[in-house]
Amino acid sequence: MKVPRPVYLDFAATTPVDERVLEAMLPYFTEFFGNSSSVHHFGQKADSAVENSRDSLAKSLNCQTSEIIFTGCGSEADNLAIKGVCLAMRQKNGADHLLVPPTEHPAVLRSAQQLARDFDFELEYLPVDQFGITTAEDVAHRIRPTTALVSVMYANNEIGSINPIAEIGSVCRQKGIPFHTDAVQAAAYLDINVDDLNVDLLSLGAHKFYGPKGVGALYVRKGTPIKPIQTGGSQEFGLRAGTSNTPYLVGFARALELAGEERAQRTAHVIKLRDQIIERVLDTIPDSRLTGHPKLRLPNHASFVFENVDGNNLLTLLDVEGFACSSGSACKTGNPEPSEVLRAIGMSDSWASGSLRVTLGSTSTADDVEAFLGILPKLVERQRNRQRSINLR
Ligand SMILES: *Cc1c(COP(=O)(O)O)cnc(C)c1O
């Protein structure tokens with residue numbers, strides 16, 4: 001079996017741009033290069049591309065066109081949701097409390113922490129279970145009349161678990177509290193109908209589903225209090241200043257359309273490979289555990305911890321053998337701190353330091369997965385022996 005190397009198994013970090021998406025984008029770099037705010041013909045061409053993209057997103061999300069705010073990335077959408085709504089809610093009715101699980105992406109977590117540290121908000125962490133899931137009851141018990149915002153991610157980027165967003169949203173709706181979900185990781189595979197999900201705000205980022213990097217969007221339900229975080233021109237209904245990035249918005253819309261149209265096939269393709277990876281890893285590698293929920297997880301996402309293994313070193317060994325994976329944690333090179341997500345779900349350091357995330361996508365093949373599963377147990381063993389000899393020294 002000949003597998004072309006390197007093999008990319010890190011689709012949760014980012015995805016390549018789909019050829020069809022690139023093709024849709026290209027004319028907007030050169031031929032239709034106008035500023036969508038200009039009055040003349042060039043501006044009109046760009047403006048209609050921006051508004052068609054907005055229409056297309058609105059269709060994908062089942063919302064109104066005026067409820068889509070384009071941003072510079074998924075992180076920016078999260079920042080606008082958290083800071084924009086909390087500041088508006090405080091001005092409206094003095095609300096100063098926010099509820100966020102500790103397992104959120106840093107774009108949400110650091111925004112909430114900044115509100116607490118610099119702007120006198122009270123940040124309360126929602127509980128998560130051993131799989132990193134927050135329940136609607138957890139939220140119901142903690143909502144106060146002074147809660148400005150509840151934010152719970154749709155699917156976790158590190159451990160793949162899916163939260164019961166519709167149920168949490170229904171609790172927030174009953175209490176009249178705005179509810180945001182970070183769907184940046186989820187949108188590639190899960191339904192993003194904002195009415196079915198009972199959400200008031202939802203973040204997206206194009207590069208997680210074969211769109212370009214550097215473009216995102218925030219859905220904001222009509223009537224939700226929100227203030228701009230980036231001020232300037234009146235683009236995006238006054239909620240996000242800056243000349244519209246026409247080619248990227250066109251690419252974003254095309255990528256989301258394709259994700260919707262091809263969802264069933266894409267899911268069927270990756271879920272088989274994912275289940276094979278999970279089964280074989282747990283079978284063949286001693287002292288290994290799945291992280292995240294065994295069933296309620298993204299179809300392309302397998303994540304593990306191995307006891308007494310240095311996850312970063314394991315990634316390096318895998319890279320040398322031609323497999324690009326992730327530790328699934330914020331720790332990149334040289335930072336031995338175990339991930340906050342794994343700590344939040346109660347993982348001890350001797351397990352949490354040995355994390356591995358394997359995420360699949362369009363180019364993943366059964367041969368790649370077979371080759372990966374053939375070599376991984378040996379690399380974990382080699383890494384463990386090395387770790388043991390360091391400990392003995
Ligand atoms: C990737 C990701 C983000 C950040 O999106 P960018 O477009 O890279 O800024 C936010 N939240 C989650 C869950 C993600 O997976």
Side-chain angles (χ1 to χ4, degrees), residues 9-17 21 57 68-84 100-114 126 128 131-134 151-163 165 168 180-190 192 197 199 201-219 229-230 240 242 245 248-249 251-253 255-256 259 291-293 296-303 325-330 332 339-342 344-345 355 357-361:
L9 293 170
D10 200 11
F11 285 83
T14 194
T15 61
V17 173
V21 170
L57 250 78
I68 299 289
I69 312 299
F70 284 116
T71 65
C73 57
S75 297
E76 192 196 320
D78 285 339
N79 272 261
L80 176 58
I82 305 291
K83 295 176 198 173
V100 174
T103 41
E104 291 290 308
H105 188 277
V108 167
L109 209 54
R110 302 284 175 257
S111 294
Q113 289 165 350
Q114 188 184 18
L126 285 162
V128 290
F131 305 120
I133 289 175
T134 297
S151 181
V152 178
M153 72 203 306
Y154 195 170
N156 189 285
N157 48 301
E158 268 189 57
I159 58 176
S161 295
I162 299 169
N163 276 306
I165 294 306
I168 296 172
H180 167 250
T181 193
D182 173 344
V184 178
Q185 197 62 236
Y189 293 100
L190 306 182
I192 46 166
L197 289 173
V199 295
L201 304 115
L202 179 144
S203 301
L204 293 173
H207 75 100
K208 303 288 173 73
F209 45 83
Y210 309 100
K213 294 165 192 51
V215 62
L218 181 66
Y219 156 75
I229 296 305
Q230 175 157 303
R240 200 274 184 178
N245 191 347
Y248 280 55
L249 302 191
F252 186 0
L256 195 58
T291 56
H293 199 281
L296 301 172
R297 64 184 301 125
L298 288 171
N300 70 326
H301 195 295
S303 55
C325 303
S326 155
S327 63
S329 72
K332 295 241 168 81
S339 101
E340 289 178 61
V341 172
L342 296 179
I345 61 172
S355 58
R357 180 182 73 180
V358 188
T359 46
L360 301 152

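For ligands, and for the atoms within them, numbers begin at 1 and follow the listed sequence. Residue numbers run from 1 in the order of the sequence given. As the structure is a prediction and not an experimental result, all values here were calculated from the model.
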*asked:* I'd like to check whether Gly205 has a polar contact with ligand 1, where a contact means an N/O of the residue lying under 3.5 Å from an N/O of the ligand.
replied: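 By distance alone, the answer is no.
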key: Under 3.5 Å: N/O of His207 near N/O of ligand 1   =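 Yes - when backbone and side-chain N and O of His207 are compared with those of ligand 1, one distance drops under 3.5 Å.
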Name the closest protein heavy atom to [atom], giving the residue it belongs to and the distance to 0.1 Å.
atom: atom 3 (C) of ligand 1; answer: His105 NE2, 3.4 Å
atom: atom 9 (O) of ligand 1; answer: Ser75 OG, 2.7 Å
atom: atom 11 (N) of ligand 1; answer: Asp182 OD2, 2.6 Å

Partners meeting side-chain contact (heavy atoms from CB on, under 4.5 Å) with Ala187 (sequence neighbours left out):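 For Ala187 the side-chain contact (heavy atoms from CB on, under 4.5 Å) partners, ignoring immediate neighbours, are Ile192, Leu204, Phe209.
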Show which atoms of ligand 1 fall inside a sub-4.0 Å distance from at least one heavy-atom site of [X].
X: Cys73; answer: 7 (O), 9 (O)
X: Gly74; answer: 5 (O), 6 (P), 7 (O), 9 (O)
X: Asp78; answer: 10 (C), 11 (N)

side-chain hydrogen bond (donor to acceptor under 3.5 Å, both in side chains) partners of Ser303, counting only residues at least two apart:
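side-chain hydrogen bond (donor to acceptor under 3.5 Å, both in side chains) check on Ser303 returns Thr291, Arg297.
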Relative to the ring of Phe252, is the ring of Phe70 parallel (under 30°), tilted (30 to 60°) or perpendicular (over 60°)?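 Rings of Phe70 and Phe252: perpendicular, over 60°.
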- prompt: Side chain or backbone of Ala107 under 4.0 Å from ligand 1, or both, or neither, by non-hydrogen atoms?
  reply: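 The answer is neither.
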Backbone of Gly160 reached by a side-chain donor or acceptor of Arg357 within 3.5 Å: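 Not a single qualifying donor-acceptor pair exists.
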- prompt: So, do Asn157 and Leu298 sit near enough that their side-chain heavy atoms are less than 4.5 Å apart?
  reply: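 Side-chain contact under 4.5 Å: no.
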Are Ser151 and His180 close enough that a side-chain donor and a side-chain acceptor fall under 3.5 Å?
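Yes.
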**Report entry** Nearest-option assignment for atom 2 (C) of ligand 1, heavy atoms, candidates Gln185, Glu76, Lys208
**Finding:**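 It is Lys208 whose heavy atom sits nearest to atom 2 (C) of ligand 1.
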By the definition side chain to side chain contact (heavy atoms under 4.5 Å, CB included), identify the one residue from Asn79, Leu80, Ile68 that meets it with Leu218.
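Testing Leu218 for a side chain to side chain contact (heavy atoms under 4.5 Å, CB included) against Asn79, Leu80, Ile68 leaves exactly one candidate, Leu80.
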